[in-house]
Amino acid sequence: MNANAFWHFLTLQLVKERSKHLSVILISMMIVFLLSSVLFISSSIRYSLEETLKVQPDFVVSRTLGGTAIPTPMAWGDELLEIYGVSQVTPRVYGRYFFEPKGKSFLLVGVDFMEEQSHKNLQALIETTDIKAFFEGKQMFVGQGVKEYLNAHFYKGSYNFLTPKGQFENVKFFKTLPSQTNLISNDMIILPLDLARKILGYDEEEVTDILFNVPNTDEWDMMTDKLSALHYDLHVVNKKEVQRSYANLYNYKGGVFLILFLILLATFSLILYQRYSMVYSSERRHIGLLRALGWSINAVLRYKFTETIVVVSVSYILGVLLAYFYVFVLGAPILREIFLGGKNLHNIVGFLPVLDFSVLSSIFLIYALPFIASVLIPVWKVSVTDPKEAML
Amino acid sequence: MMIKIENLYRTFHHDDNEVPVLKNINLNIKEGECIVLKGVSGSGKTTLLSLIAGLDKPSSGKVLIDGEPISKLPDLFASELRAKKIGMIFQHFNLFEHLTVHENVTIPLIPSGLKMKEIQKKVDRALSLAHISHKKEIQAGRLSGGEQQRTAIARALVADPDIILCDEPTANLDRDNSLLFIESIKELNRLGKTIVIATHDPLFEHLDFKSTIIPMADGKIVSSYDDE
Amino acid sequence: MIKPFVSFVLVLILMVFVMGSHYLLFPHKKTTESMLNITSLTHISSLSLSLSYDESSFNRTYPEMPTLGKMDFLYER
């Protein structure tokens, strides 16, 4: 068979019978689009989290009372430093501040700006920051979501925080955190350490929890035992547990998508059934006719196989393109809410484009193989029987 | 001998019943002959045509095309034989209605291995032989019955086959178009094609060119045809 | 191949090319660095999940477990 003539006829048939193929392409494209969108979002978030977790300290200790977290004494930090193998002990002050009228909340984080590392990070994050100006009054860095929300509620330049002691603390907006960090910083407010303590109700010698590193991972299990022996009310969490809790979160989200995927699979089977029965009605006659006109079984199968491959590939490419545009250009409206929630602050996340080719190729196989089989098996069945139908 | 049919039987099985459709058919058709298989519907003429074309397999007996047993050849060779030597014209024309006349006529040549340029030449020749060149860019579904039949003739001629098989070619045509079709057949016969027509149309009883009528009834040739 | 199909394939290739360009030209490094900077500055890598943090809410099925989707539970009560 001459490749030129074959492709001429194939493309001619595809274009002329486009209405027949269009519905199949559209539905298949939607399936690929949904699957790819979900995978694009999850791999992008996963990648960002994995990257940020790399710089997270190995252990977090906090004080608990009856299973409830209570302020941790700063003195624990000094005790931790005395343990052999412990390095980079960092206290952390943070907590949620509730915007009472609407039940929304912000994540308040206290940072010791006198520390050289914090200074460097801040300079890298917001290049034009004049740190001297920041210390001129009570000021804060706010996430995009916080800024938008407070602006919408007429807090244009500053916000009055109510401390647990019943006093108001007026804090000015200094800078907004870059939108690339929205995935983490959307509901975040960064304040000087002392101010954060005041608003969250911590004493000077108290922090929320204490972080530290144990570079030798073989020591981790033993370290947990040592720490537990240090204080009866000490609660310890290591990085592996954090990573596992993320995995759990994804499993839960995965469950939602399992249902979605099952619905899609049901729809897909319907399309396949439709294709299958179509082969058995009008196409049966066409195949018989081609055979009567001198086409061999091989030629008919080659033609139908190539036609199906073209339809499958076109819908796959269009689905992936649409998903890429939807997730990485538009920021996945609606679907984003399923992943990040939509109850608290409005979050416009610019997902970091991540293309996981192994996942993309699995989608292709999961989708393409049943599709091709559902067309080719009946075509083969029709082709091998005597084509006298064409005579009737 | 162009077509040789020996002791041909074809039986269909419905549930547990055996329905014999063709019973002991013996026929020799020479090159350039025009044969009219005549009989009422159910007499077995379409089945005989299918067997000659290799579209169906006999229960016993054989059909030889130029000495080759078409029903016993593997698919690839049978298809090649059919593509090169046999052109078919069907009762319902069997055109791809969404394609143009020109595109329909191209179809038998697609698996031939010819280049597109050569295919175009052959298609143009077939279209002019069937007097349908002027409608070549029209969609087949929009043609009249007569025009569809002429497209089917062009498609049957495009591979320049030696044998033309026609199954009830005038069943869906009015009298004028039927007469036009007979004119075309006469022209094909003049070109030396072997023609086998299965029909019940009385118009084929008095053709003004040399032809042989073979009456069929109940799966048998009722009046013997002797080529000697 | 017939012209309309060739045009369609060309449009498809162009779209893939646009996607590839967006992917390659996207400031991956800058975005990742910003994320790393904010994490290093605050020592917080929890997702900014837009859930309502209702203090009284609890997991009804497993009361001893934290509520699902709430990442800060590791550091909170």
Side-chain angles (χ1 to χ4, degrees), chain A residues 7-8 11-12 14-15 48-49 51-53 55-57 60 62 68-69 90 92 94 96 103 105 109 111 117-118 121-122 124-125 143 145 177-178 180-188 190 208-209 211 237 241-242 245 249 252 314 317 321 324 328 340-345 347 352-353 355, chain C residues 1-9 11-55 57 63-77:
Chain A
W7 277 99
H8 177 86
T11 52
L12 183 75
L14 280 167
V15 172
S48 302
L49 283 176
E51 285 296 304
T52 52
L53 275 176
V55 296
Q56 273 295 287
V60 182
S62 58
T68 312
T90 319
R92 197 160 65 160
Y94 69 93
R96 297 212 77 86
S105 71
V109 184
V111 170
Q117 189 55 42
S118 306
N121 289 140
L122 194 65
L125 197 63
L177 295 166
Q180 299 104 294
T181 62
N182 271 6
L183 191 60
I184 288 174
S185 72
N186 189 55
D187 64 347
M188 198 180 260
I190 301 175
T208 312
D209 48 30
L211 317 165
V237 175
E241 288 175 271
V242 180
S245 69
L249 177 71
Y252 151 67
V314 164
I317 293 171
L321 280 170
Y324 185 93
F328 298 128
L340 301 175
K343 271 190 174 174
N344 196 19
L345 302 181
N347 195 353
L352 185 73
L355 290 178
Chain C
M1 267 191 244
I2 62 162
K3 271 183 193 168
F5 189 80
V6 172
S7 321
F8 175 72
V9 171
V11 170
L12 213 59
I13 292 171
L14 184 76
M15 282 159 81
V16 173
F17 181 74
V18 169
M19 181 183 113
S21 312
H22 180 270
Y23 184 72
L24 292 174
L25 298 175
F26 191 88
H28 283 86
K29 206 179 161 195
K30 199 184 162 202
T31 311
T32 313
E33 271 175 8
S34 298
M35 295 280 270
L36 290 179
N37 278 319
I38 195 118
T39 311
S40 302
L41 179 71
T42 59
H43 304 291
I44 282 174
S45 63
S46 282
L47 282 180
S48 171
L49 297 175
S50 186
L51 301 164
S52 56
Y53 285 86
D54 182 359
E55 294 288 299
S57 73
E64 72 279 14
M65 296 283 285
T67 49
L68 288 170
K70 188 169 174 180
M71 292 312 299
D72 293 43
F73 64 82
L74 283 166
Y75 308 111
E76 277 189 339
R77 61 181 63 188

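Just so we're on the same page: letters track the sequence lines, and every chain starts at 1.
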Proximal component of A/Leu177, with respect to chain C [non-hydrogen, under 4.5 Å]: side chain

Part of A/Leu321 within contact of chain C (heavy atom distance under 4.5 Å): both

Interface moiety of C/Tyr23 toward chain A, non-hydrogen atoms closer than 4.5 Å: both

Validation row: C/Phe8, A/Val15 side chains within 4.5 angstrom (heavy atoms): no

Separation between OG of C/Ser34 and CG of A/Leu183, rounded to the nearest 0.5 Å: 12.5 Å

Any side-chain heavy-atom pair of A/Arg92 and C/Ile44 under 4.5 Å: yes

Pairs of heavy atoms under 4.5 Å with chain A: top-ranked of C/Thr42, C/Ile2, C/Thr32, C/Leu36: C/Ile2

Partners passing side chain to side chain donor-acceptor pair (under 3.5 Å) against C/His22 (at least two apart in sequence or in another chain): A/Tyr324

N/O donor-acceptor pair under 3.5 Å between C/His28 side chain and A/Leu352 backbone: no

Closest contact, heavy atoms only, A/Ile184 versus C/Met35: CD1-CE, 4.1 Å

Pick from C/Leu12, C/Thr31, C/Val9, C/Ile38 with the largest number of heavy-atom pairs that fall under 4.5 Å of chain A: C/Ile38

Heavy-atom side-chain proximity of C/Asn37 to A/Thr181 below 4.5 angstrom: no

A/Leu12, part contacting chain C, at a heavy-atom distance under 4.5 Å: both

Interatomic spacing from OG1 in A/Thr208 to NE2 in C/His43 - rounded to 0.5 Å: 12.5 Å

Side chain to side chain donor-acceptor pair (under 3.5 Å) against A/Ser48, all qualifying residues, sequence neighbours excluded: none

